[in-house]
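Notes to accompany the following structure.
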Amino acid sequence: MKVRISGPPHRRLLRAPDLRLLRRRTRSLLTWLEQEDSELSITLLDDPEMAELNESYRSRPGPTDVLSFSLREGPHACHRHELLGDVVIGVRRAAHQAGRRGRGLDDEVARLLVHGVLHLLGHDHEQEVEAREMRRLERRLWRVLEL
């Protein structure tokens, strides 16, 4: 299992996520999801970069907290080998949400990671039935990661 983490952003942050903890949690998550042979890329960005990606790929203005770029589907899926895709996490947005929700930055980043990885594996929340199933899986995975 390969976990590649890029970031955190070079701009000044109040606090950066604990990369060792993030890597350990990612490995636990992939093991529980039976993706031990997979490779996952995680990128930690600041708001301007997240806003740029959000606009480019989702046509939505402003930053978002997490984006997923799956390699399990689409025109290049046959070349993906073990790579699941990329999860991109907006660190500043995560820090803001963590403060609002009364939790630590590392836990909020892990929750966003869970959400992003579920998207990579084909889960979605566009329809209510899908959304309920995705929320159920998220809660289960949060318990696995002790969040």
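Positions are given from 1, in the same order as the sequence printed here. Only a predicted model underlies this, so the values are computations on that prediction, with no experimental measurement involved.
Under the 4.0 Å criterion applied to side-chain N and carboxylate O atoms, R100 and E108 are not assigned as salt-bridge partners. E55 has no carboxylate O lying under 4.0 Å from a charged side-chain N of R60, or vice versa, which leaves the two without a salt bridge. Remark: D107 engages R25 in a salt bridge, criterion side-chain N to carboxylate O under 4.0 Å.
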Problem set entry | Derivation and outcome, side chain to side chain contact (heavy atoms under 4.5 Å, CB included), residues L22 and I5 | CA-CA 9 Å; L22 178 58; I5 301 174; 3.9 Å; yes

For this session: Give the intermediate values and the outcome of side chain to side chain contact (heavy atoms under 4.5 Å, CB included) for residues L19 and L44.
Result: CA-CA 10 Å; L19 299 184; L44 305 172; 3.6 Å; yes

Exercise. Could you go step by step and tell me if V114 and W142 meet the side chain to side chain contact (heavy atoms under 4.5 Å, CB included) rule?
Worked result: CA-CA 8 Å; V114 165; W142 295 340; 4.0 Å; yes

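Between atom CG of residue D37 and atom CD of residue E82 there is a gap of 7.5 Å, rounded to the nearest 0.5 Å. Taking CG of L118 as the start and CG of L137 as the end, the distance is 5.5 Å to the nearest 0.5 Å. Atoms CG and OG, on D86 and S70 in that order, are 9.5 Å from each other to the nearest 0.5 Å. Annotation: the span from L105 atom CG to H96 atom NE2 amounts to 13.0 Å, rounded to 0.5 Å. To the nearest 0.5 Å, the span separating CG on N54 from OG1 on T64 amounts to 5.0 Å. To the nearest 0.5 Å, the span separating CG on L33 from CG on L40 amounts to 10.5 Å.
Enclosure of atom CZ in R140 is not indicated, since only 12 or fewer non-hydrogen atoms of other residues, nucleotides or ligands lie within 6.0 angstrom. By the neighbour-count criterion of 12 heavy atoms within 6.0 Å, atom CZ of R103 is densely surrounded, having more than that number from other residues, nucleotides or ligands. The environment of E128 atom CD is dense: over 12 non-hydrogen atoms of other residues, nucleotides or ligands sit within 6.0 angstrom. Counting heavy-atom neighbours within 6.0 Å of E130 CD, excluding the residue itself, gives a total above 12.
By the rule that hydrophobic residues join a cluster once side-chain heavy atoms approach within less than 4.5 Å of another member, V144 and V117 end up as members of one cluster. The cluster map of Ile, Leu, Val, Met, Phe, Trp and Tyr, joined by side-chain heavy atoms under 4.5 Å apart, puts W32 and M1 in the same cluster.
A donor atom on one side chain and an acceptor atom on the other are found under 3.5 Å apart for E138 and H115.
Scanning both residues, D106 and D18, for their nearest heavy atoms gives OD1-N, 2.8 Å.
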